[in-house]
J.: 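This is the structure I have questions about; it appears just below.
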Amino acid sequence: MNAAKVPSLRILETRGLSKRFGSVQALSGVDLDIHAGSVLALLGDNGAGKSTLVKIVSGVHRPDSGELFLDGSRIDIASPRDASTAGIETVYQDLALCENLNVTQNLFLGRERRSRGSALWRMFLDRRSMEEEAERAFEILGTRIPSLSNPISTLSGGQRQAVAIARAIVWQSRVVMFDEPTAALGVEQTENVHGLIRRLRDQGVGVLLITHNMVDVFALADRALVLRQGHRVAEMDPRRSTPDDVVRAITGSEAAGVRPS
Amino acid sequence: MSQPRPRSEPVVSAAPFKEKLQRISHGELGLIPVLAALLAVGIIFHIASPYFLTPRNLSNLTLQVGVLGVMALGMSLVLFIGEIDLSAGSVSGFCAVALVLLSAQYGLPGVLAIGIAILCGAAIGGIHGKLVTLVGAPSFIVTLTGLLVWQGAQRMLVGNQIGQILIDDPLVISIASTFMPFWLSLTLVLIIVGASLIYCARQLGSNRFSGAADRLGLIARSMLFPVLAILILAVLSNHLGVPVLLLILACVALVLTLITEHTAFGVHIFAVGGNAEAARRAGINVAKLKILLFSSCSAFAAFSGIIAVSRQYAADGNTGGGNLVLDAIAAAVIGGTSLFGGRGRIQGSLLGALVIGTVANGLDLLGHSANVKSIITGLILLGAVSVDMIARKRRIQSGAAGA
Ligand SMILES: Nc1ncnc2c1ncn2[C@@H]1O[C@H](COP(=O)(O)OP(=O)(O)O)[C@@H](O)[C@H]1O
Ligand SMILES: [Mg+2]
């Protein structure tokens, strides 16, 4: 499924999100739409408010004002748990993995499956079903993991990325937000992460991709949205723009090809 | 990732035996060091004293290890989340004195006095946990304060009574001085053997254990506890029988093992110990979990105080004092628990307590002083920490090598 051809389906919308930290207005009235099977790049200079936006949607911060809509109806996201219940997953730059836990434990952290049966049995974990689900997720991602019962500390950087992304598949997340996924990666690893994100998108997931990296934008994004000092200043189609257009929108100089929003 | 992406072959689940070897080579040593240490001290004392392996002495050893064992199990819980509880000895002593006073001075029945003492411990631990999570003070400082405060409170409870306060409640006394009749011990051993055989047979039936080495490893592992149980029964029934205290210790260890290794809560404990921020983002209530574990640790400390009272028929201002709390921390670390959090096993802490108890018992037999015990225990701890540091380096290297 490619969002460029198929008319896209809105999953998540934000309307007028604002957030202030002391004297800093981190976000001012930001609207955005995330569509199924499509990648939306969120761009902006350091301090533009990108991470703040992701943290509001993932339940880490509460907005001062503004609303969130899932499938057209208003939702309240007060905690990370609310976000995951709503099918919104975040892949943080630091990946937020527990290195001492194994792959399966990390995938199911906070939402473990329990054995079926009497009340006593239900206290215990259903390891087998979690492992099967984990294997399925890595199959979809096309990633090779040496063993699901090895701790994360034994995995390479690329494998860790895959584990963080596989969470979204296990949870059948409808929206996955990436905060600078390629910032610390080399060329080959970046290529790998692009592959993983495309596979997520092909599953019909709506992807929000925060990045500084023009390569990410032009390789992946169906649309790009630019924030400057907390304001949404432009929305563009990477297929009809040049990297120069995008950079100009980020830095604030007027440019052709930019559709002010 | 250095290799090209092989899209056709996703997860390769290595055989359990191969996985295990790989994990050991990556520095995941598990119970190997503590089992080796236990075997070593056992052999050394057997050579040094013909009396060491007699039923009478081994029976004594199991009773001696009760107080330390229970405290070490509770201590493991806070160590797993990367915290520490230096107050466990004081809390143990405070609750022991409270128990004796409630029973001897206020005439409360044993069950009630024991219940109050344990609740008292749980409440104290809850306060420590609240201070750690709300104020954000390091647990080292909070529980060091606790050590001083509860020790003072314990001595105030004792007041100006000279010597020990005696207790004669039959229930309290019976905890450490009752031995199970042979038929009961035999039944329990048969249950353990039966359960292990069923477990082994079911696992052998699954396709995970197809290789010969895997099957042998599985059989060896599932036979460990039955063999141990039969040995204990065979040896101890030559003296007074299997002490009830040993059964209590085994049950506590079993329940804590099930919780820490087979429930979601157990995974959350290690998640908080490994990366508290990641645990929080996964929706785990980190503060609540920490408070609960501090509370449990102190409740177990109180329980160890009750066992101490049961062994001595009394308590005083020094109950729970001395090296006890440091020995409990040492027991957990010798058993493979990391002081950095996120790593360790309940069985390891129990075995670690057994190592320290064996060293104390053996040196007693050989007529050495408490000072020698202290030095030897310290050296074993140093050895355990060194093994852990080397293994940690290997883990970091193997992680980096894969990157
Ligand atoms: N928790 C916070 N407390 C105070 N100020 C914050 C906090 N988080 C972000 N800010 C401020 O809000 C602004 C936007 O930050 P952020 O969303 O992290 O930007 P970006 O991710 O686009 O670089 C910055 O000026 C930053 O200093
Ligand atoms: Mg940021």
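Computation of the quantities below employed the complete heavy-atom set of this structure, encompassing side-chain atoms and omitting hydrogens, waters and symmetry-equivalent molecules. Naming convention: chains lettered A, B, ... in sequence-line order (proteins, then strands); numbering from 1 in each chain.
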J.: Inspect the surroundings of CD in B:E277 and state if more than 12 heavy atoms from other residues, nucleotides or ligands are less than 6.0 Å away.
T.: yes
J.: So which heavy atom on B:A264 is nearest to which on A:R114, and how close?
T.: CB-NH2, 3.6 Å
J.: Counting only heavy atoms closer than 4.5 Å, note whether A:L97 contacts chain B via side chain, backbone, both or neither.
T.: backbone
J.: Of the non-hydrogen atoms in A:A96 and B:A278, which two are nearest, and what is the gap between them?
T.: O-CB, 3.3 Å
J.: So what's closer than 4.5 Å to chain B heavy atoms on A:D82: side chain, backbone, both or neither?
T.: neither
J.: Counting only heavy atoms not in B:F225, do more than 12 sit closer than 6.0 Å to its CZ atom?
T.: no
J.: When you look at CZ of A:R74, are more than 12 heavy atoms from neighbouring residues, nucleotides or ligands closer to it than 6.0 Å?
T.: yes
J.: How long is the span from the CE atom in A:M123 to the CD1 atom in B:I259, to the nearest 0.5 Å?
T.: 6.0 Å
J.: CZ/B:R343 to CD/A:E99 distance, rounded to the nearest 0.5 angstrom?
T.: 9.5 Å
J.: Pick from A:P151, A:G186, A:S79, A:S84: which one has the most heavy-atom pairs with chain B under 4.5 Å?
T.: A:P151
J.: For residues B:F270 and A:N100, report the shortest heavy-atom separation together with the two atoms involved.
T.: O-ND2, 2.9 Å
J.: Step through the shown structure and confirm whether more than 12 heavy atoms of other residues, nucleotides or ligands are within 6.0 Å of CZ on A:F21.
T.: yes
J.: Counting heavy-atom pairs under 4.5 Å with chain B, which one of A:D94, A:T90, A:N106, A:I140 comes out on top?
T.: A:D94
J.: Can you tell me which portion of A:R127 sits under 4.5 Å from chain B's heavy atoms? Options are side chain, backbone, both or neither.
T.: side chain
J.: Of all of B:A271, B:G273, B:G341, which one pairs up most often with chain A through heavy atoms under 4.5 Å apart?
T.: B:A271
J.: Taking all atoms of both residues into account, what is the closest heavy-atom pair of A:L109 and B:A279, and its distance?
T.: CD2-CA, 4.3 Å
J.: What distance separates A:L125 CG from B:E261 CD, expressed to the nearest 0.5 Å?
T.: 11.0 Å
J.: Quick check for you: to the nearest 0.5 Å, what is the distance between A:R122 atom CZ and B:T263 atom OG1?
T.: 15.0 Å
